[in-house]
Structure formats: C-alpha cells, structure tokens
Amino acid sequence: MTKVAGVTASRAPYVAAALIASGPLMLSGATDAFGQAWEGNHSTDWFTEDNWSSDIIPNGAQSVYINTTAPNPTAVTNKTTNGTARAQQLIVGFDGDGTLTVSDGGAVSNLGSDIGFNSGSSGTVEVTGTESTWENSVYLNIGYDGDGTLTVSDGGVVNSKFSNIAFGSPSTGTVEVTGTGSTWNNSRSLYVGDAGNGSLTVSDGGAVNNGSGRIGNFNGSTGTVEVTGTGSTWDSSGSLYVGYRGDGTLTVSDGGAVSSANGYIGFSSGSTGAVEVAGTGSTWENSGTLYVGTSGGGTLTVSDGGAVSNATGYIGAGSGSTGTVEVIGTGSTWENSGWLFVGHDGDGTLTISEEATVSASEAVVLGSYSTGSGVLNIGAGSGETAAAAGTLDASTVEFGDGTATLVFNHTGETGAYQFDADLSSTGSGTHSIVHVSGWTDLSGDSANFTGTTEVNGGTLSVSGALGGLLNINSGGTLAGTGTLSGPLIVNSGGTVAPGNSIGTLMTTDTVTFETGSTYQVEIDEAGNSDLIATTSTATINGGTVAVSGELGSNTTYTILTAEDGVTGEFDALDTAFVDNTLSYDANAVYLTSTHVVDFCEYAGTANQTAVACIGLDSLDTSHDLAQAVLALTTAEEARAAYDALSGEIHPSLKGALVDNSQRNIAAVNRRLLTIFPDHDEMASTVTHSDVSTPAENANGFWAEGYGVWSSSDATENTAKLDNTVGGLVYGLDRQVGDNWRLGALGGHSRTAVKQSARQSSGSVDTWSLGLYGGGEAGASVLNFGAIYNWHSVETERKVSFTGFSNDLSAKYDAQSWQLFGEASHRMQASKLMLEPFAGVSHISLETNGFSESGGSAALTAASTTQNTTFTMLGVRSTFQVLDGLNARGMVGWRHAFGDTNPSTVFAFSGSDPFTVTGAPIAEDAFVTELALESKLSDTAFLAASYNGQYGDGITANGFNLKFRTKF
C-alpha cells in the first residue's frame, strides 16, 4: 500500500480533494517545487520569511512541513496584521518532531493536516485562546503513522470534515479539548483509534461535535474517550460506535454529557466496547436506539447518579454478541422510551442495584429469539453476594423464545421491595424466576408466566398472580395472599408461610409438601389463621407444621383446604408449652392449639426461675415476648431463652466495679509504705532510723498506672465473667509534724466486662477523688482514707433464641464511696524488712435506675445500693538487692462479706419485678504481689509490680507501674 500526499491509497476517498495540489513529498526537511519546509532560522513566528525553506511565507498553494530539523522547531502563529496562516497540506512532524502553536487569536487554514506523519515521527499542535482557530476544510489526522498530539484550550476552535485520531497502525494519537468555549467541530466523522491507539479527552467545559463517531474503528485498534466535568460535551449528530471493529472505551463523568443518534457498543464480531456514565449530571442521550453488544461484546455501567437515555434498547442484540449492563446507585437511571430487549439474539445481562432505576415505556423482553439468552438481576446475579435492590419501571416483562431468567438476589427486608411488573411467557423458550435472597413481593398479574420459579433463599411473597411451576427449596420461603395457577411443591428445607401476617394463599393447581418441608401457620385468639386453599388436590408426604402467633387459645383452625381431596399427613410440631394437634377430613386440615405447660415448668436455676416464674408468667400471653417463648419446641431451648433474657450482665458488672475499686486503695497503701519508713533513700540497710526529716520529705507527688485481667468461673446460676480494668491514680501529699503525712488523690479507670455465654458486654468509665493519710509510732504505721467515685456505664446484649432476636443497650450512671484503713508493724533484720499488716475497706455502690432500648425483651431497673466489706491479713517484705534497687513482696488473705452476690431487680414491659444475681465476688482469696523499685535520682523513683488474686473460682493477674518524686 502506497502513501500519496499523506494518505494511504485505501483511504483516498476521505481526502481526495486535498491531493490535487499536494505534489511530491519532501524527505528529511527537503521540499519539492510545491512544498515548503519550516526552518525556524530566525524565530518561531510563522510570518517571518526567513523561517521558511523558500524564504517565502506559505500562501496556501503548497504543502507545509514542520520538523525538528529546524533550530526553532516550534512554529507560532498569533493575532497579527498578517492574518491567517495558510497551507495546502499541513504536516506537523513529518519524519521527526514538529510543533505548531496557534494562540492569542491566531488562525491557520488548510485543506488537510497530518500530525505525526511517518512511523517514529512526533507532532504536536496547540490551539489556545479565544478566537484562535485552525480550519481544516477536508481532513485532520492526529497520528498518521507516527505519534500526534492536539490540544484545544481556553476557547480555541478547530474545524474539519473528517478527523482521525491514530489513523494508521501502529500510530498513536492524543487529543484534549479543555476549557469553556474550546471546540472541535467535525462536520462529517470523527474516529478515535482509527487503526492505531487513540485517545480523546473533553474536560472543563470543552466541546466536540461531529456527524458519525467511532471509537476503535478497525481490527486491532484501540480508542479511549473521556468526557468529564460540567459543561463538557461530545455531540455526534449521527451514530456513535464504541468498539466498531476494534476496542473502544467511553467514560462520561462528573457532569459530562454525550449525545448521539444511535449508540452501538461492541458493533462488529470480535470488537469490544465499554461505556461508563458515572456521577450526578453525567449523561449519554441517544435520540434513537442503543445497542449494548451489537455483534461483538459490549458493557454499559451507569453509576452514582449517571443517566443514559434512548428510544429502544438492546443488550446482546445480534447472534454471537454479548451485552452486559449494570445500573447501580441512588439516582442512576437508564431510560428506554420504547422497548428494552435483554438477550435479543445474543447473550444479555441487566443488573439493577443500590436504588438505581431502569425504565421502559414498552415491555422488557428477555431472550427474544431462540439463540438469545437474557438475564435480569435485581440486586445481584445468582451466585453473587446479595446487594440492595434497584427498581425496574416497566409494565410488563416478557419471556421470549430463548432462555430467559429473572433473578432476585437483594438485601431488602420484610416488606421492603415490591416488583409490580406483569410477567408473561410470550415465547416457547426456557423461562425461569430464581429467588436467592431478600424479601420480594410480586404484585403484578403474572398468571401468563408458564415457566419455573425456584425459591432458593429469602422470601418470595405473591400478592398478585403467578403461573408456572413453583418450587420452594431449602432455605426459601413462599408468602403472600395472591393466586397461584401452577403446581406448588414445597421441598425439604422449604417453607410456606401464607400472608404477610395472617392471610390466605390461593391456588388453582396441585399442592405438594415433601418430607422435611415446613408449613408455617400463624394464628390468633380470635380464631383467624393462615390458610392454603386449592381448587385441586393437596398431597402431604410429611413435613412440619410450625405454629406462631397467639398460641394456646384452645381454638380449632382450618389451615388447608383442597376441593379435590387431601392425601397424607403432616408431622405436627408441639412446642414445649403448647400442644398443637392436627386433624383431617377428606378436603381439609385442621389445627387445635392448647396451652398445657406454664413457663415455670422448665426453669432450672435461680435466675431462670426469676425470669420464667415471675417475669414471663406475669405477662399477658399475647405479649410478643411471651409468644416467642411459647413457640419454643424443647425444654433446652426454653432454659437457654431464660438465660438470654435475664440481663445478668448488669449485676455482674456491679460486682466487677466493687472488686476493681480495691486497686485505688492498694495504690495508696503502696505509696504510704514507701514513706514510712522513707525507702526513697534506698539505704544499705532498711531500718526505721532511715526516716527522713520533715524538711527533707516535705512534699511528694506520685502516680501509678495499672492493668488487671481477671475472670470469674461460671456457677450453676451465672455465666463466666471476663473483667478487664486499666487506670491511672495519682496523688500529692506532704509531711505534717514529725510522724504524719496527709494527701489528696485523683484518678480515672476504664472497666470492660464480657459474658460471652450471655452475648453481653459492658464498659464503665470511673473518675475518682479522695483524701488519705498515714502516721507512725515507732515501728508501727497506720494508713487511712476515703475515696468517692463517679461511674458512667454502657451495656450491650443480644437476646437471641429460635424465632426471636433483640439487640439491647443501656446507658446509666452509678456512684460509690470507699472507706479504708490499715495497720502494720515493721521488723528489721539487716537488709530484709518484714511487715505484718491488717486492713479493712468498705464500699457502698449505688446504681441509678435505667431502661434498656432495642425491643420487647428490654429490661427496666430501679436504683439499687450494694454494700460490701473486705478484710485483709498478710505480711510484706522488702529486701535490698543492690544499691539503689529494692525488691518487695506480699502475701495475704482477703475476705469479703456483705453483698457478695450482686443483684438487680428487673421488669419487662408489663411484667412483675424479678431479681437476677450476677457473677459473685470471691468471699475468700489468696493475694500476692512481687515488685522491683529503682532509684532514678535523689528525688525520683520508679517501681514495677505484678499482682495476683486466686480463690473461689476467680483468677486475676495485674501489672502496675509507679512513679514518685519528692520536692
């Protein structure tokens, strides 16, 4: 194939008018008698004669070549008295690199232009500024066989008839049209990626106009177009092809707009096209038809508020084509003012999700012809993760002569999603409805659907009419009050629950319950119940009748009728509290529900007894909570429900707060221990004579951080409790006289408790203020103090048992007082000091009243006060390991009495009050401490210690870090 004046012979019809006066081509900067080469000897100004090879400014009668062989490779034309720069054929970058800039109102005019002519060449043209123009009366190639770049900016204008970006193979072409008023007009066609690799960006208010548009024109080509930003437009008055024979991509974003007559995505066999319209205000408007997968492969994504519109729409139009459309996100729309065909003669898939909308004024047709396969997904496809549903706004969905499938796989909860289109089998293909997840109400008249509906998960509610075979499979549920006109088969694991509360499901065909199936019947005390009524036969091969509602009313209900007869029997399901008895005659099944056992019957522990015998038993049996428990089937389920309902985390948390309060007292005692005697001095022997004088130890600051992890074993009444506390306590004290020291303290701690077996947890922030003091008489020391604490409590718990679930939470406050004292006596032997001690502390904890939120299992509690006293007997020891390093140890026995079994009085809404106890406080425990203290300076000391507590099913491990200084 030969080149003639800048075009291949096969492309000559596009640019014939440009060839008449072009003449022979120049090579390496030399020109023929009719061409001029840019030399740039003097400047970059087009209108300087000495810059041209013939020393004459081109007058439009010759071809013009701009290459980097010139000293000044960039030619510039701007608004001067010289007027328009003219050329016959303009080549920028013939066999090297060339640049042309049109700016400040400058103008260039020629028949045809090539930017980046030969392979290996590179050409760049910029048209910038208001009134700057480049007029190509016939054609413009950006990247003929080389690399071409065109930028139109800040109001510049480029005009041509035929334009190609990346004309030859393997050329590359790049065009950017950016800024308000910047325009590229093509009166005939614009091809992006004609045979090479081309890209076009329209941004920030730029505009591109043309007749026909193609992205990825020939085999092997690739084209990419992005139209982005408010006011940015691409208008094709003819058809727009994305992937004509090659690969094409179109992105419309951030308010950009594309318009065309007809739209084609993946036009020819072997081509691929992809279009994305994303963002509020981003649009693609087609006055005619839109094809997604004409004969090739096409994809369309409309997201985040984008909008696409057309007359008729096709997805997978031709035989062998594939088309995929996804419309996703609130405000995203695809409007078809005519028909919408999904899988017309090829394979088509449409997915509508996340509150997006697809509309069709006429019908939506799935699988039009025998070779067509159409899938409509609401939410997500079968086998994918469920997504929020979108809306199909169409009066009818027709199932044609091919394979047609409607899939519901969404996250809509009960009552959330209604599908109101009529479904109709208009062809002889394979027709399917597949329900995977979510709650869907079919409210349209779909009696003319003759395919198969498979309910594999979620709930399909029929409030209109539905024809065809209906299979309810494992995990799926059928509900509603509509009419079925095909066989209903409830397979093992499947459930039928007529109504959306109590209601009747009608059918004109057979009903079959298989072994392992469930018929879920709701009843009330007024004698109403769910009902399946068929004008045909009912065959019962087993299955369970699960009864809910107002159980135990001693009423007989009709739950199934069959005009042509009932065959077989259900396996009746009796609850732990109610006998549900089934009876039969030739044409009906009846249910009698009788309450035979009280709630108290299955209670095993004290807490279970309180919940069941007082709380639940005092509720009206119509109460949601009472009905949920009545529906349980075994004693084990009932006891588990009582435990879940008990609210045990609240009294358990009170016990944890009382136990954790001892950390502040222990910190004060450790502080005073290091003052009497003055271990600050770290003498070579630890004797009473080391006590510093008041002047030496007048003031002191100290701080101690601690973290403790403890657990209380489960008892026959309570669950295991994990208790974690971390905090900081700090104080300031001073010497008073020779033998006394007084101080004040503050602190903050955070407690976290968890009872996994009760699916419960809580957290408490505690702020503390206190006063303390100590004195010595010889080798004896007395410590004492009082602390006030503020507690901010938050709890969460999940009450979950068969058929019932509540997520409950509460926030409330509490306050506590602590009083404590300790007496000790030191005994010295060289570097070892032993100090027997006896201590007592008392805490009074008051919790405010509160009410949980989150459901019918929520508890209300009044304010309560708990008083607990602790005594401690033990011995401490201090040993000097090295000069400046002391080791300390302690062993003791702690005894608790008073309120060691924390409790709370609760009530359900409408119930009598009942008392629940929490994890107990250990009455007797072995306590130990091991510590090292180091002298950092004459006035600063750092200590680290381990603390342990063991006994009565409780284990605690803690670590302390203490700093103190004197001044």
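The first residue of the sequence shown is numbered 1, and numbering continues consecutively from there.
Taking every heavy atom of both residues into account, Thr249 and Val242 meet most closely at N-CG1, 3.9 Å. Of all non-hydrogen atoms in Val127 and Thr133, the two that sit nearest each other are CG1-N, 4.2 Å. Heavy atoms only, all atoms of each residue included: Glu384 and Asn409 are closest at O-ND2, 3.0 Å. Listed here is the closest heavy atom pair of Ser359 and Glu335: OG-CA, 3.4 Å. The heavy-atom pair separating Ser212 from Tyr241 by the smallest distance is OG-CE1, 4.0 Å. Ile328 and Glu354 make their closest contact through CG1-CG, 3.6 Å (heavy atoms, listed as atom of the first residue, atom of the second, distance).
With a 4.5 Å cut-off on side-chain heavy atoms, Asn136 and Asn110 count as touching. Residues Leu392 and Phe419 form a side-chain contact, since some pair of their non-hydrogen atoms from C-beta on lies under 4.5 Å apart. Between Val92 and Leu90 there is a side-chain heavy-atom pair separated by less than 4.5 Å. Contact annotation: the side chain of Lys161 approaches that of Arg188 to within less than 4.5 Å [non-hydrogen atoms, C-beta and beyond]. The closest side-chain heavy-atom distance from Ile352 to Leu376 is below 4.5 Å. Residues Val175 and Trp184 are in side-chain contact: their nearest non-hydrogen atoms beyond the backbone lie under 4.5 Å apart. Val407 is not listed as a side-chain neighbour of Ile378, based on a closest heavy-atom distance of 4.5 Å or more. Between Trp234 and Leu240, some side-chain heavy-atom pair lies under the 4.5 Å cut-off.
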message: side chain to side chain contact (heavy atoms under 4.5 Å, CB included) for Leu200 and Leu190? Distances and angles first, verdict last.
response: CA-CA 11 Å; Leu200 167 64; Leu190 170 61; 4.2 Å; yes
message: Between His42 and Asp50, is the side chain to side chain contact (heavy atoms under 4.5 Å, CB included) condition met? List the steps.
response: CA-CA 7 Å; His42 295 280; Asp50 289 344; 2.7 Å; yes
- request: Kindly determine whether Trp134 and Ser113 satisfy side chain to side chain contact (heavy atoms under 4.5 Å, CB included), including the steps that lead there.
  value: CA-CA 10 Å; Trp134 184 14; Ser113 297; 3.1 Å; yes
task: Dump the intermediate steps for side chain to side chain contact (heavy atoms under 4.5 Å, CB included) on Thr174 and Ile165, then the final yes or no.
output: CA-CA 7 Å; Thr174 303; Ile165 305 176; over 6 Å; no
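Using the six-membered ring where Trp is involved, Phe117 and Phe94 have ring planes that are parallel, under 30° apart on the 30 and 60° scheme.
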Distance-only donor-acceptor pairs under 3.5 Å for side chains of residues 262-273, two or more places apart:
from: Asn262; atom 1: OD1; to: Thr289; atom 2: N; distance (Å): 2.8
from: Ser268; atom 1: OG; to: Tyr244; atom 2: O; distance (Å): 2.8
from: Ser271; atom 1: OG; to: Gly243; atom 2: O; distance (Å): 3.3
from: Ser271; atom 1: OG; to: Phe267; atom 2: N; distance (Å): 3.2
from: Ser271; atom 1: OG; to: Ser268; atom 2: N; distance (Å): 3.1
from: Ser271; atom 1: OG; to: Ser268; atom 2: O; distance (Å): 2.5
from: Thr272; atom 1: OG1; to: Asp247; atom 2: OD1; distance (Å): 2.6

For residues 338-346, which side-chain donor-acceptor pairs fall under 3.5 Å, sequence neighbours excluded?
from: His344; atom 1: ND1; to: Ser368; atom 2: OG; distance (Å): 3.1
from: Asp345; atom 1: OD1; to: Thr371; atom 2: OG1; distance (Å): 2.3

Just list the side-chain donor-acceptor pairs under 3.5 Å for residues 293-311, sequence neighbours left out, or say none.
from: Asn310; atom 1: OD1; to: Trp334; atom 2: NE1; distance (Å): 2.7
from: Asn310; atom 1: ND2; to: Thr312; atom 2: O; distance (Å): 3.3
from: Asn310; atom 1: ND2; to: Asn336; atom 2: OD1; distance (Å): 2.7

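Remark: Ser221 engages no residue in a side chain to side chain contact (heavy atoms under 4.5 Å, CB included) (not counting sequence neighbours). Under the rule for a ring pair (Phe, Tyr, Trp, His ring centres under 6.0 Å), the partners of Trp46 that lie at least two apart in sequence or sit in another chain are Trp52. Residues passing the side chain to side chain donor-acceptor pair (under 3.5 Å) test with Thr351 are Asn377, sequence neighbours excluded.
Separating the CG atom in Asp55 from the OG1 atom in Thr48 is a distance of 11.5 Å, to the nearest 0.5 Å.
With hydrogens and angles left out, the side-chain atoms of Asp145 and Ser119 include no donor and acceptor closer than 3.5 Å. A donor and an acceptor atom, one from each side chain of Ser160 and Asn186, are located under 3.5 Å apart. Checking Glu355 against Thr330 by side-chain atom types alone, a donor-acceptor pair falls below 3.5 Å. Asn51 and Glu39 share no side-chain donor-acceptor pair at under 3.5 Å. Donor-acceptor pairing under 3.5 Å is lacking for the side chains of Ser121 and Asp95.
Judged by distance alone, with hydrogens and angles left aside, the side-chain atoms of Asn209 form no donor-acceptor pair with the main-chain N or O of Asn185 at under 3.5 Å. Looking only at distances, a side-chain donor or acceptor of Gln36 sits under 3.5 Å from a matching main-chain atom of Ile56. Panel note: side chain Asp194, backbone Ala166; no donor-acceptor pair is recorded below 3.5 Å.
Of the candidates Ile315, Val364, Val375, Ile315 is the only one forming a side chain to side chain contact (heavy atoms under 4.5 Å, CB included) with Leu350. Results of the side chain to side chain contact (heavy atoms under 4.5 Å, CB included) test with Leu140 over Leu150, Asn164, Val125 single out Leu150 as the only residue that passes.
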